[in-house]
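All values derive from a computational prediction rather than experimental measurement. Atom set for the values below is all heavy atoms of this structure, side chains included, hydrogens, waters and symmetry mates excluded.
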Amino acid sequence: MFSPTIYCCALLFFIPALLQAAGLNQGRWIDLSHDFAADTLYWPTADKFAKSTVFAGETEKGYYYSAYNLAAAEHGGTHVDAPVHFAQDHISVDKIPLEQLIGPGIVIRVADQVGKKDKSDRNYLISIDDIKRWETRHGAIEKDTIVLFDTGSAQFWPDAEKYMGTAERGDAAVAKLSFPGLSPEAAIFLADERGVKAVGLDTPSIDYGASKLFKTHRALFKRNIPALENVANLNALPDKGFTLIALPMKIRGGSGGPTRVVAFIPQ
């Protein structure tokens, strides 16, 4: 007969051993996710996060109970873009293989390049040269790496004006967006020459703010490489030597979804 008590005790006994075997008990976990709330940033044309209370308080039977309803667009806050977002008949968020969102990670830092020529222009395009500068210091990016880009944007969250270039909402606001992104050429280089399995950055889009054709999305997604957007706390990570885990909400047929992104840094 199944005993919940015995089962729970067995888990408590074996979990430390499992963590030790996996090497996950000696190190630090870093949360790379922004939380979801009324001030969470979304694309100007997307529905923002909404949380309404079903019940919160003491029930008539004398115990506390709380429950809420949630609503939001797929693409906002810390989230993943699935390939089907810009590539017809490609994989949806529920079909992204888990191993493609779990693996060795690196951080390429370009904050010193953003606004270098014009401080008022944050539409920096991360280039192949930026990637090769990292490789000069650390060696060639290994196959199946998850590559993150630290543009310094996370420091502005959740100030929409500073983070996105505008706090306005609606179709007209899209033309005013201004933030760094990955160039199509760099995206293709990472995919075809380095064989990376996912990319991510600390801005609202893998394409830069002034993009009209979203060429980077299209280049990555036709190759079935997902992208993480609005990643937080990249300044807390080393340039390499950590494991990234990004688990999105499993929306059947979804083009993306809210994602808890974490990193493990071994001792």
Side-chain angles (χ1 to χ4, degrees), residues 31-34 36 40-43 45-47 49 70-108 125-126 128 131 141-149 179 181-208 211-232 234 242-264:
D31 191 345
L32 304 177
S33 315
H34 295 291
F36 284 84
T40 299
L41 299 180
Y42 281 78
W43 202 252
T45 56
D47 291 343
F49 179 83
L70 307 177
E74 292 174 314
H75 302 274
T78 304
H79 69 281
V80 67
D81 281 3
V84 75
H85 188 33
F86 276 84
Q88 187 175 6
D89 298 325
H90 283 55
I91 55 176
S92 53
V93 69
D94 56 315
K95 301 297 184 183
I96 300 174
L98 289 176
E99 58 268 23
Q100 199 166 357
L101 295 173
I102 300 173
I106 67 168
V107 180
I108 297 176
L125 274 170
I126 299 166
I128 295 175
I131 297 168
I141 297 170
E142 297 182 3
K143 187 177 183 296
D144 290 333
T145 295
I146 299 174
V147 180
L148 303 174
F149 293 94
F179 51 80
L182 181 65
S183 72
E185 297 78 15
I188 293 169
F189 174 81
L190 287 172
D192 294 352
E193 301 297 325
R194 295 297 182 263
V196 305
K197 59 183 180 180
V199 299
L201 78 178
D202 57 348
T203 73
S205 172
I206 199 75
D207 274 284
Y208 73 136
S211 176
K212 300 295 189 294
L213 297 176
F214 302 98
K215 291 182 179 180
T216 298
H217 278 84
R218 291 154 56 193
L220 289 173
F221 295 170
K222 75 177 184 180
R223 293 168 170 82
N224 273 327
I225 296 176
L228 298 163
E229 296 172 339
N230 295 322
V231 182
L234 292 178
F242 60 89
T243 298
L244 190 85
I245 301 173
L247 299 181
M249 184 176 179
K250 194 174 181 180
I251 302 170
R252 186 182 303 167
S255 68
T259 303
R260 189 69 178 266
V261 184
V262 300
F264 180 75

For the student: nearest non-hydrogen atoms of [X] and [Y], plus distance:
| X | Y | result |
| --- | --- | --- |
| Ala73 | Tyr42 | O-CE2, 3.7 Å |
| Pro226 | Ile96 | CB-CD1, 4.0 Å |
| Leu201 | Gly181 | CD1-CA, 4.0 Å |
| Thr259 | Pro248 | OG1-CB, 3.3 Å |
| Gly254 | Ser92 | O-CB, 3.2 Å |
| Ile251 | Gly257 | CD1-CA, 4.2 Å |

### Query
Where do Leu32 and Leu244 land on the side-chain contact (heavy atoms from CB on, under 4.5 Å) test, with the steps shown first?
CA-CA 9 Å; Leu32 304 177; Leu244 190 85; 3.5 Å; yes
### Task
Can you label the angle between the His217 ring and the Phe86 ring as parallel, tilted or perpendicular, going by 30° and 60°?
tilted
Is the backbone of [Y] close enough, under 3.5 Å, to the side chain of [X] for a donor and an acceptor to pair up by distance?
| X | Y | result |
| --- | --- | --- |
| Lys197 | Ile102 | yes |
| Thr243 | Phe264 | no |
| Gln100 | Asn224 | yes |

How many angstroms lie between atom [atom1] of [X] and atom [atom2] of [Y], to the nearest 0.5 angstrom?
| X | Y | atom1 | atom2 | value |
| --- | --- | --- | --- | --- |
| Arg218 | Leu213 | CZ | CG | 6.0 Å |
| His90 | His85 | NE2 | NE2 | 14.5 Å |
| Ile206 | Phe149 | CD1 | CZ | 7.0 Å |
| Ile128 | Ile188 | CD1 | CD1 | 8.5 Å |
| Thr40 | Asn230 | OG1 | CG | 9.5 Å |
| Tyr208 | Leu182 | OH | CG | 12.5 Å |

Is any side-chain heavy atom of [X] less than 4.5 Å from a side-chain heavy atom of [Y]?
| X | Y | value |
| --- | --- | --- |
| Ser183 | Ile126 | no |
| Arg223 | Asp192 | yes |
| Thr145 | Arg194 | no |
| Ile225 | Leu190 | no |

### Query
Could you walk me through whether Val261 and Leu101 pass the side-chain contact (heavy atoms from CB on, under 4.5 Å) check?
CA-CA 9 Å; Val261 184; Leu101 295 173; over 6 Å; no
### Task
Would you please test Val93 and Val80 for side-chain contact (heavy atoms from CB on, under 4.5 Å) and show each step?
CA-CA 8 Å; Val93 69; Val80 67; 3.7 Å; yes
### Task
Begin from the C-alpha positions of Asp94 and Arg252 and carry the test side-chain contact (heavy atoms from CB on, under 4.5 Å) through to its verdict.
CA-CA 5 Å; Asp94 56 315; Arg252 186 182 303 167; 3.9 Å; yes
### Query
Is there a donor-acceptor contact under 3.5 Å linking the side chains of Ser205 and His75?
no
